[in-house]
Amino acid sequence: MEQEKVIIVKDLYKSFLDKHVLRGINLTLHRGENLGIMGKSGIGKSVLTKCIVRLIEPDAGEINVLGTNVLRCNEAELNEIRKKVGYLFQGGALYDSMSVRENLLFPIRRTQFVDKKREAEKLVESSLRSVGLLDAIDKMPSELSGGMKKRIALARTLILRPEIILYDEPTTGLDAVTSGEISELIVKIREEYNTASIIITHDTKCVKIATDNIKIMQDGVFVAEGTYEELSRSSEKGIRDYFM
Ligand SMILES: Nc1ncnc2c1ncn2[C@@H]1O[C@H](COP(=O)(O)OP(=O)(O)OP(=O)(O)O)[C@@H](O)[C@H]1O
């Protein structure tokens, strides 16, 4: 049986003035799949993922997420989609003035995901346990290392039990060992929460560990697609170079 498609993007275009960033992007993400997206800095990877949750309005194309036509849905439907699609921003974006516990409670309160305080606390604890940082619950972001901040940001994404997670450069700025641990964590999260993910990264170790398939973006379109083994041994030097 064919796996369910949780994201379908067809012929997506986006320009900023005369800068044509996306020029006909096509992408399918299946339930349970981890898809890596690689490409040079500034090529449009983040613009694509922001279009998927409509943080950026594309110029043309179609986006379907979990059966909803994202570009035609109303505000309430869009909010439902955003609850089901966790977005892990590049910087992690924790609120510095809030403790880890408060950072994690924030999305629950904002979306009224659960209404009982005890239930909310349990969700906070289970999400922190999943990323291995339950003991950091009362710390402030300033007391955390870069790797810990990424884990906490992931825990905050997990709190709404997303069906899809969009990771924007999850290992950037981390040393090789910590990057490896975050990549392993991405795999563990998929197993534990049955999520599908798009992982934007320049980190070859991360794509090797965490993805099933990889797409390479150049000049606003995808120019290659395959597994890490396939692409890293591509007959085209221009593709192999992404894995150096
Ligand atoms: N809101 C915006 N307004 C104008 N230009 C934008 C906007 N968002 C992105 N861009 C431009 O679109 C291009 C693609 O940006 P994007 O952030 O998607 O790159 P990226 O591939 O994710 O890069 P990196 O790997 O460095 O994060 C860049 O030239 C950027 O300046």
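The figures here come from the full heavy-atom set of this structure, side chains too, leaving out hydrogens, waters and symmetry mates.
Contact of the Asn64 side chain with the Ile7 side chain is not registered, since no non-hydrogen atoms from C-beta on lie closer than 4.5 Å. Counting heavy atoms from C-beta on, the side chains of Met217 and Lys40 never come closer than 4.5 Å. Leu12 is listed as a side-chain neighbour of Val9, based on a closest heavy-atom distance under 4.5 Å. Two residues are said to be in side-chain contact when any heavy atoms from C-beta on lie closer than 4.5 Å; Ile186 and Pro170 meet this criterion. Residues Ile165 and Thr157 meet the side-chain proximity criterion, which asks for heavy atoms closer than 4.5 Å. Counting heavy atoms from C-beta outward, Ile63 and Ile8 have side chains that stay 4.5 Å or more apart. By the 4.5 Å heavy-atom criterion applied to side chains, Tyr87 and Asp168 are counted as neighbours. Within the 4.5 Å cutoff, side-chain heavy atoms of Phe222 are placed close to those of Leu27.
Val53 and Ile37 fall within the same hydrophobic cluster, where Ile, Leu, Val, Met, Phe, Trp and Tyr residues are linked whenever their side-chain heavy atoms come under 4.5 Å apart, directly or through other members. When the side chains of ILVMFWY residues are joined at heavy-atom separations under 4.5 Å, either directly or via intervening members, Leu231 and Ile209 end up in two distinct hydrophobic clusters. Under the 4.5 Å side-chain heavy-atom criterion for Ile, Leu, Val, Met, Phe, Trp and Tyr, Met140 and Val124 are members of distinct hydrophobic clusters. Cluster annotation: Val6 and Leu48 are assigned to the same hydrophobic cluster (Ile/Leu/Val/Met/Phe/Trp/Tyr, side-chain heavy-atom contacts under 4.5 Å, transitive). Taken together through direct or relayed side-chain contacts under 4.5 Å among Ile, Leu, Val, Met, Phe, Trp and Tyr, Val85 and Leu55 form part of one hydrophobic cluster.
The ring pair (Phe, Tyr, Trp, His ring centres under 6.0 Å) check on Phe243 picks up Tyr228, with sequence neighbours excluded. Qualifying side chain to side chain donor-acceptor pair (under 3.5 Å) partners for Arg233, counting only residues two or more places apart in sequence or in other chains: none.
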Legend entry - CA sep, side-chain torsions, deciding dist, call: Phe16, Val21, side chain to side chain contact (heavy atoms under 4.5 Å, CB included): CA-CA 7 Å; Phe16 297 102; Val21 178; 3.7 Å; yes
Inset, instruction - Before giving the answer on side chain to side chain contact (heavy atoms under 4.5 Å, CB included), spell out for Val65 and Thr68 the whole-Å C-alpha distance, their side-chain angles and the decisive distance to 0.1 Å. - result: CA-CA 5 Å; Val65 177; Thr68 300; 5.6 Å; no
Legend entry - Residue pair Ile152, Arg156: steps toward the side chain to side chain contact (heavy atoms under 4.5 Å, CB included) verdict: CA-CA 6 Å; Ile152 300 294; Arg156 192 177 57 180; 5.7 Å; no
Inset, instruction - Begin from the C-alpha positions of Lys122 and Glu125 and carry the test salt bridge (charged side-chain N to carboxylate O under 4.0 Å, His left out) through to its verdict. - result: CA-CA 5 Å; Lys122 269 194 192 158; Glu125 285 167 19; over 6 Å; no
Inset, instruction - Take Ile214 and Thr227 through the test side chain to side chain contact (heavy atoms under 4.5 Å, CB included) and record every step on the way to the result. - result: CA-CA 6 Å; Ile214 303 163; Thr227 62; over 6 Å; no
Legend entry - Step-by-step side-chain hydrogen bond (donor to acceptor under 3.5 Å, both in side chains) determination, His30 to Glu4: CA-CA 6 Å; His30 294 94; Glu4 183 193 348; over 6 Å; no
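At a threshold of 4.0 Å, the pair Glu33-Arg190 does not count as salt-bridged, since none of the basic side-chain nitrogens sits closer than that to a carboxylate oxygen. A salt bridge links Lys188 with Glu192; the closest basic N to acidic carboxylate O contact falls under 4.0 Å. With respect to Glu229 and Lys208, no salt bridge is recorded, no charged nitrogen being found less than 4.0 Å from a carboxylate O. Classification of Asp138 and Arg101 as a salt-bridged pair holds, one side-chain N sitting under 4.0 Å from a carboxylate O.
Interatomic distance, CD of Glu62 versus CG of Leu71, reported as 8.5 Å (0.5 Å rounding).
Taking all atoms of both residues into account, the shortest heavy-atom contact from Leu29 to Ile164 is CD2-CG2, 4.1 Å. The heavy-atom pair separating Asn34 from Ala196 by the smallest distance is OD1-C, 4.4 Å. Taking each heavy atom of Arg23 and His20 in turn, the nearest pair found is NE-O, 3.3 Å. The minimum heavy-atom distance between Asn103 and Pro141, with the atom names listed, is ND2-CG, 3.9 Å. Between Pro107 and Ile159 the shortest heavy-atom distance is CG-CG2, 3.6 Å. Thr28 and Leu35 make their closest contact through O-CD2, 4.4 Å (heavy atoms, listed as atom of the first residue, atom of the second, distance).
The environment of CD in Glu236 is sparse: at most 12 heavy-atom neighbours from other residues, nucleotides or ligands sit within 6.0 Å. More than 12 heavy atoms of other shown residues, nucleotides or ligands fall within 6.0 angstrom of atom CG in Asn79. Other residues, nucleotides and ligands contribute only 12 or fewer heavy atoms inside 6.0 Å of the NZ atom of Lys139.
At a cut-off of 3.5 Å, with distance as the only test, a side-chain donor of Ser130 or Tyr193 sits close to an acceptor on the other residue. A donor-acceptor contact closer than 3.5 angstrom links the side chains of Arg161 and Ser126.
Checking Ile198, Thr201, Leu154 one by one against Tyr167, the side-chain contact (heavy atoms from CB on, under 4.5 Å) holds for a single residue, Leu154.
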